[in-house]
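Inspection log for the structure reproduced underneath, given as structure tokens.
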Amino acid sequence: MQIYLGGNHELKLKQIFKGKNAIFYNPNKEIKQTEQYKLYKDFSDQGGEVIIIDTSGKKHSKISLNVEPKKKYESTLNKIDYVLTSQQQADNQDQNEMRQSLCDELNISLQFLTKLIDQKLKILPVEWLKACIQANNFIEDFQKYIHLNKIQQISKGEESKSQEATKSNKKRDLKDLDKKQVKGKQGKDDQEEEKKGSNSNDKDQGGEGKQKPLNNEIADQLDRLLKYYTTQGDRGRMFGYKRALTSLKLFNEPIYNIDQIDKVPNIGDGIRKKIKEFIDDGIIKRFEFIDTDEKHNTLKLIESVWGIGPKNAQKLYDKKIRTIEDLRKNQHLLTDMQKIGLKYHEDFIEKIPRKEVEQLLERVKQTAFKIFQDGEKHLQIQACGSFRRGRDFCGDIDVLITRTDGKSIEGINEKVVVQLEKEGFLKERLGALRKSATGSEGYQGICQLDKDHKFRRIDLKVYPADQYGYAILYFTGSGNFNVNMRTEALKLGYSLSDHGMHKLKDSKKKNIPCLKEEDIFTLLNMPFKAPNERDV
DNA sequence: TGGCCAATACTG
DNA sequence: CAGTAT
DNA sequence: GCCA
């Protein structure tokens, strides 16, 4: 058995791949390293040879990969087969895009993939190997792949001919590769250029007068990395960067040089290095980032449609969707709710002016008060979310309703919604009315103040009064603030949610009542923060 | 090496 | 059940 | 990616 570990695989390609059969990758780290070795040993005992690639380029032999658990390798394997087998018939465009997509998925470079293809190597998930061994038929399965490889080798002459024919295709690949070596493709270069320009401006300014703190700029960079890894589905790095970013934002001293970074918690070697790159060169050389930036942006764009998340965005991307226009032309790819999201997408990406949120809230109040006798007295209605945090512009409007006369809130939601729909204020429902086991009710949908205003995303929630403190805290956010607060709660042995809090080890799960937000802060031993201070 | 915030409702 | 959203 |  031959196992190769370590980062610089690109350099070792020539020596490594001669006569080998397969490369294994470990998509979700479900299989621990020790177990991997065992599997590889079994495999090699049967005459196979193993190469482990380190796609992370880091010191450890981690094989990180953007594939979610379980049987999801199916499509990856299909893609690999497609790339390996259908070069002849394939339309250049298809082949290129498939390769690129595969590279993104396996977190390897195009150059690397090209080598794999040239060497007729199979790329297989470790999970597959495990399954085969457990089922005692892995030799058969593997033979299947060997067979496949042989066929390709036999048809090699023909293949290279056809590759000759598709020279322009190859050329494009090469061109890309060349560029990659000098960091990134054309479009990216432009973008980075712009950024570099502005950065150096900042630096010049800094040189002229007193230096400007770099906190915000660094935060922006980390945020970019964070968004990138989030889209990539890299949970680990996502958490890492999220924490680092939060810590940085909570760090009150101005930062001028790299050494000050050491005082910020949750920033370790990796992130420190990137920040150093940024401070020194004005740019972080993460070529994978630049490499896939275009895809990242595209995925973000697609995800900006309500109802389309990371998974669907990726699927749509694989189906060559690149723009909102593409989506409009291919609505058969969407679910009904996503179609609604698409229909109003143009409006939804617009922020709502504070003033309008106030009007929308007023509108809801009017109707609710009209329906319920003495509504003004017994219903408490207010907008939460970024509105309550004092923002001038909000992404959506979040209305929390509570009943203060001690009676059940049951049915309030539906009555209000139905009436508002009748009045033409609510336009569409995004899913059914919600009823939770803990007694709260909710609505998600779309409203419009009047013909002169845009369509807006609106959520209504009705909570029993005894959960009010938790509810308003939760729905006021920010999301990040909630995370911090819950982390604090955990440290003290509590579990905190939108409907209550209880001692973790308390088997009775007794809820601790908090009618006001303040009580929760007190309970958690935290200084009270006004809503406008929760914008973490 | 394992865990990283909680809990739930709804769709397809 | 996976995906999305809150 | 960070931390315990």
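By convention in this document, chain letters (A, B, ...) are assigned in the order of the sequence lines, proteins followed by strands, and residues within each chain are numbered from 1.
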**Asked** D:dC2 P sits how many Å from A:L222 CG, rounded?
**Response** 10 Å
**Asked** Any side-chain N or O of A:R457 under 4.0 Å from OP1/OP2 of C:dT6?
**Response** yes
**Request:** Indicate, with yes or no, if the rings of A:Y241 and A:Y229 have centres closer together than 6.0 Å.
**Result:** yes
**Prompt:** OP1 or OP2 of C:dT6 less than 4.0 angstrom from a side-chain nitrogen or oxygen of A:W306, does that happen here?
**Reply:** yes
**Prompt:** Just to confirm, is there a sub-4.0 Å distance from OP1 or OP2 of D:dG1 to any side-chain nitrogen or oxygen of A:N266?
**Reply:** no
**Item:** Nearest to side-chain heavy atoms of A:M337, which nucleotide of B:dG12, B:dC10, C:dT4
**Value:** B:dG12
**Message:** Output the rounded distance in Å from OH (A:Y463) to P (C:dT6).
**Reply:** 13 Å
**Prompt:** For the side chain of A:N312, counting heavy atoms from C-beta on, which of C:dT6, C:dT4, B:dC4 is nearest?
**Reply:** C:dT4
**Asked** Any side-chain N or O of A:T438 less than 4.0 Å from the OP1 or OP2 oxygen of B:dT8?
**Response** no
**Selected nucleotide, minimal atom distance to A:F239 side chain, candidates C:dT4, D:dG1, B:dG12** = D:dG1
**Fill in**
Among B:dA9, D:dG1, B:dA7, the one nearest any side-chain atom of A:R243 is D:dG1
**Request:** Return no unless some side-chain N or O of A:R486 is found under 4.0 Å from OP1 or OP2 of B:dC5.
**Result:** no
**Request:** Of all the heavy-atom pairs spanning A:G240 and A:I271, show the shortest one and how long it is.
**Result:** O-CD1, 4.2 Å
**Item:** Along DNA chain B (nearest heavy atom to each residue), the more 5'-positioned of A:G240 and A:T335
**Value:** A:G240
**Asked** Looking at B:dC5, D:dG1, B:dA9, which one has an atom nearest to any side-chain atom of A:R237?
**Response** D:dG1
**Request:** Remember a base hit wins even if backbone is also touched, and classify A:L496 as base, sugar-phosphate or nothing at under 4.0 Å, heavy atoms.
**Result:** sugar-phosphate
**Asked** Which listed nucleotide (B:dA6, B:dC4, C:dT4) is nearest to the side chain of A:S495?
**Response** B:dA6
**Prompt:** So, A:N482 side chain and A:Y474 main chain: donor-acceptor pair closer than 3.5 Å or not?
**Reply:** yes
**Request:** Looking only at side-chain atoms of A:A432, point me to the closest of B:dC5, B:dC10, B:dA7.
**Result:** B:dC10
**Prompt:** Of A:K435 and A:T487, whose nearest nucleotide on DNA chain B comes first from the 5' end?
**Reply:** A:T487
**Request:** Looking at every strand, decide which applies to A:L226 at a 4.0 Å heavy-atom threshold: base, sugar-phosphate, or nothing.
**Result:** nothing
**Request:** Mind calculating the distance between CE (A:M526) and P (B:dC5) to the nearest angstrom?
**Result:** 14 Å
**Prompt:** Which is true for A:A437 with a 4.0 Å heavy-atom rule: it touches a base, it touches only sugar-phosphate, or it touches nothing?
**Reply:** sugar-phosphate
**Asked** Considering only side-chain heavy atoms of A:V483, which listed nucleotide, B:dC10, D:dC2, B:dC5, is closest?
**Response** B:dC5
**Asked** So what does A:D336 hit on the nucleic acid, given a heavy-atom distance under 4.0 Å: a base, only sugar-phosphate, or nothing?
**Response** sugar-phosphate
**Message:** Can you measure A:R388 atom CZ to C:dT6 atom P for me and round it to whole angstrom units?
**Reply:** 19 Å
**Message:** Would the distance check show the side chain of A:Q331 and the main-chain N or O of A:L327 forming a donor-acceptor pair, the cut-off being under 3.5 Å?
**Reply:** no
**Asked** Can you tell me how far P in B:dC4 sits from the matching atom in C:dT6, rounded to whole Å?
**Response** 24 Å
**Prompt:** In terms of side-chain heavy atoms of A:L490, which of B:dC5, D:dG1, C:dT6 is nearest?
**Reply:** B:dC5
**Message:** I need the CG-P distance between A:L460 and B:dA9, as an integer number of Å.
**Reply:** 18 Å
**Prompt:** For the side chain of A:S247 and the backbone of A:R243, is there at least one donor-acceptor N/O pair under 3.5 Å apart?
**Reply:** yes
**Message:** If I take atom OH in residue A:Y443 and atom P in nucleotide B:dC10, what distance separates them, rounded to the nearest angstrom?
**Reply:** 15 Å
**Asked** Are the side chain of A:R322 and the backbone N or O of A:Y317 linked by a donor-acceptor pair below 3.5 Å?
**Response** yes
**Request:** Rounded off to whole Å, could you give me the CD-to-P distance for the A:E488 and B:dC4 pair?
**Result:** 16 Å
**Prompt:** Is the distance from OP1 or OP2 of B:dC5 to the nearest side-chain N or O of A:K242 less than 4.0 Å?
**Reply:** no
**Item:** Atom-pair distance (NE2 on A:H499; C1' on B:dA6), nearest Å
**Value:** 9 Å
**Asked** At under 4.0 Å between heavy atoms, what does A:D459 touch on the DNA or RNA strands: base, sugar-phosphate, or nothing?
**Response** sugar-phosphate
**Item:** Any side-chain donor near an acceptor of the partner, A:N484 and A:E488, under 3.5 Å
**Value:** no
**Item:** B:dC5 versus D:dC3 - spacing of their P atoms, nearest Å
**Value:** 14 Å
